[in-house]
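Single-structure report; data block below.
In what follows, every heavy atom counts, from backbone to side chain, and hydrogens, waters and symmetry copies are set aside. Quantities reported herein were computed from a predicted structural model and do not represent experimental measurements. Naming convention: chains lettered A, B, ... in sequence-line order (proteins, then strands); numbering from 1 in each chain.
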Number of protein chains: 2
Amino acid sequence: MEAVLGAAVALLDEAGAPALTFRALAARLGTGVGTIYWYVSNKDELLDRATDHAIGGVPAPAEGQPQSDDPIADLRAMAIALFDAIVDRPWLSAYFMRNTDVQGNSLRLYEKLGQPTLRLDLTPRQRFHAVSAITSVVVGTAADLGAEIPPEILDGTMDRDAYLARFAEQWRSLDSAEFPFVQEIVDEFAGHDDRDQFLAALELTLSGLRLQAGTG
Amino acid sequence: MEAVLGAAVALLDEAGAPALTFRALAARLGTGVGTIYWYVSNKDELLDRATDHAIGGVPAPAEGQPQSDDPIADLRAMAIALFDAIVDRPWLSAYFMRNTDVQGNSLRLYEKLGQPTLRLDLTPRQRFHAVSAITSVVVGTAADLGAEIPPEILDGTMDRDAYLARFAEQWRSLDSAEFPFVQEIVDEFAGHDDRDQFLAALELTLSGLRLQAGTG
DNA sequence: ACCTGAACACCGTTCAAGT
DNA sequence: ACCTGAACACCGTTCAAGT
């Protein structure tokens, strides 16, 4: 079982979700396709378990210094740790927290992410919504970061800047009376860094949360 | 072409992404599979165009009363309109804004979503990040809303409350010393409404944004 | 310019058969 | 209890051939 998940994660890391097929997995394990079905009842469960296996390796930053005096800072640190894990493994975003029945590690990470909210002056409902919001920012931005990468870039045929520039050029050619906003942000888009984009989105949510908790 | 996209959207609406196959589409159109490849060069492009086709039907709430005196309120209205559109058609979330080359309607909607930020006191970069953050909240929460629905529920075999209750029960059985946060929010989770969750996440981002813009 | 559908190389999943 | 791999019913995509 451990070997199956390890090989599955390896395949996903090497070439993304499409690379994980029962045949490829069986070949890597040196067995037949049927064998895998003894450990896992279908592909969804395979992906759920592989995702949870990978999430198990996400370092909990709160491990060393259990908690700072600022819960918001702890939330930020956890969110960034999760984001970094997903950036390294874009295939994670599609299956994270999909089924906590099978995803014990994901549930533990969810707990870690939520604990700092217990030190904020919020209702249970507000805490639940806050953590959902943060998770959604992390998974949402990390997901379109993974989706954004077209085959041309992975090939190395075209680099990311050139890819963005192509869009930027097309956007610049739009009528500026009809597309004032797109014109306004096209330069930002052309040179944008995904991590900055994520951090900015996270900061908006966190400052909204700080306001809601009446802290600072 | 129009007919192809119409039929594709119909298939997606009826049974989700897995239902859209070239064979099913050809059958519905009364032609051969090869025909579709004359209009579209592969499945990704088919999904991009179908998504954009559907996005074209999203009502721009700013149409009637072009803008209120509160840009934040206009942002909220646009975000909610987009969320509602995606809730009705969960398959949208995976392809929205993936390729604006082909997605003219999506770009127009992105523009509409961004325009209110022009009336806020922000830098271009802040405007870009704000709209990205809002888009990410909308798509992120709407996406796991679509993913959350397992076959058992679509069948009608089990209703949503019972499904959530099953998880809640499992969560309640966890050690409360190790999982204090999960224990704290389990009741909220069990009865949660996805729309409320989205609205709460949106509100956190918007209030962070209002703070950043120094308005109100 | 537009359509056709057989053919190819893949999938996930099952199952009778083995140890 | 665990493994095997041929077989089945599907995919997306191509292409020689038609109008």
Side-chain angles (χ1 to χ4, degrees), chain A residues 1-53 90-92 94-95 98-99 101-102 146-147 149-152 154-155 157, chain B residues 1-53 90-91 94-95 98-99 101-102 147 149-152 154-155 157:
Chain A
M1 182 70 213
E2 196 65 18
V4 172
L5 296 184
V9 169
L11 282 170
L12 288 164
D13 281 343
E14 285 164 23
L20 181 61
T21 66
F22 281 83
R23 283 170 179 81
L25 187 53
R28 178 174 281 247
L29 292 166
T31 61
V33 271
T35 306
I36 301 160
Y37 279 92
W38 193 87
Y39 294 96
V40 114
S41 64
N42 55 41
K43 191 167 185 186
D44 260 354
E45 192 188 323
L46 175 62
L47 276 158
D48 276 333
R49 300 200 114 103
T51 298
D52 197 57
H53 188 75
W91 50 270
L92 273 179
Y95 283 85
R98 249 179 57 101
N99 184 352
D101 257 344
V102 204
I149 303 168
E152 302 98 277
L154 290 175
D155 285 2
T157 315
Chain B
M1 182 71 213
E2 196 65 17
V4 172
L5 296 183
V9 169
L11 282 170
L12 289 163
D13 281 344
E14 285 163 22
L20 181 61
T21 66
F22 280 84
R23 283 170 179 80
L25 187 53
R28 179 175 281 247
L29 291 166
T31 60
V33 270
T35 306
I36 300 159
Y37 279 91
W38 193 88
Y39 294 96
V40 114
S41 63
N42 54 43
K43 192 168 185 184
D44 261 354
E45 192 188 325
L46 175 62
L47 276 158
D48 276 333
R49 300 201 113 102
T51 298
D52 198 59
H53 188 75
W91 51 270
Y95 283 86
R98 248 178 58 102
N99 184 350
D101 257 344
V102 201
I149 303 168
E152 302 100 276
L154 290 174
D155 285 1
T157 314

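- Close approach of DNA chain C to chain B, defined as any atom under 4.0 Å from a non-hydrogen atom of the protein, starts and stops at dC2(C) to dA7(C).
- Residue T35(B) is classed as a base contact, given a heavy-atom separation below 4.0 Å to a base.
- Counting only Watson-Crick or G-U wobble pairs whose defining distances are both under 3.5 Å, the stems of 3 or more consecutive pairs in DNA chain C are C:4-8 with D:12-16, C:12-16 with D:4-8.
- Place R23(B) and T31(A) on DNA chain D by their nearest nucleotides, and T31(A) ends up nearer the 5' end.
- Contact check of residues 1-20 of chain B against DNA chain C (heavy atom, cut-off under 4.0 Å) returns no residues at all.
- The shortest heavy-atom contact between A7(B) and R28(B) is CB-CD, 3.7 Å.
- For V102(A) against D52(A), the heavy-atom pair with the smallest separation is O-OD2, 3.7 Å.
- K43(A) places no side-chain N or O within donor-acceptor distance of the main-chain N or O of F22(A), the cut-off being under 3.5 Å.
- Nearest-nucleotide mapping onto DNA chain C: of S41(A) and G34(B), the residue sitting toward the 5' end is G34(B).
- Taking atom C1' in both dC11(D) and dC8(C), the straight-line distance is 12 Å, to the nearest Å.
- Taking CG of L47(B) as the start and CG of N99(B) as the end, the distance is 12.0 Å to the nearest 0.5 Å.
- The two residues L46(B) and L20(B) come nearest to each other via the heavy atoms CD2-CD2, 4.0 Å.
- Residues forming a side chain to side chain contact (heavy atoms under 4.5 Å, CB included) with Y39(A) (at least two apart in sequence, or on another chain): M1(A), V4(A), T35(A).
- Residues forming a side chain to side chain contact (heavy atoms under 4.5 Å, CB included) with A50(B) (at least two apart in sequence, or on another chain): A8(B), V9(B), L12(B).
- Here the shortest heavy-atom pairing between D13(B) and W91(B) reads OD1-NE1, 3.1 Å.
- The two residues S41(B) and E45(B) come nearest to each other via the heavy atoms OG-OE1, 2.7 Å.
- Qualifying side chain to side chain contact (heavy atoms under 4.5 Å, CB included) partners for A15(A), counting only residues two or more places apart in sequence or in other chains: A19(A).
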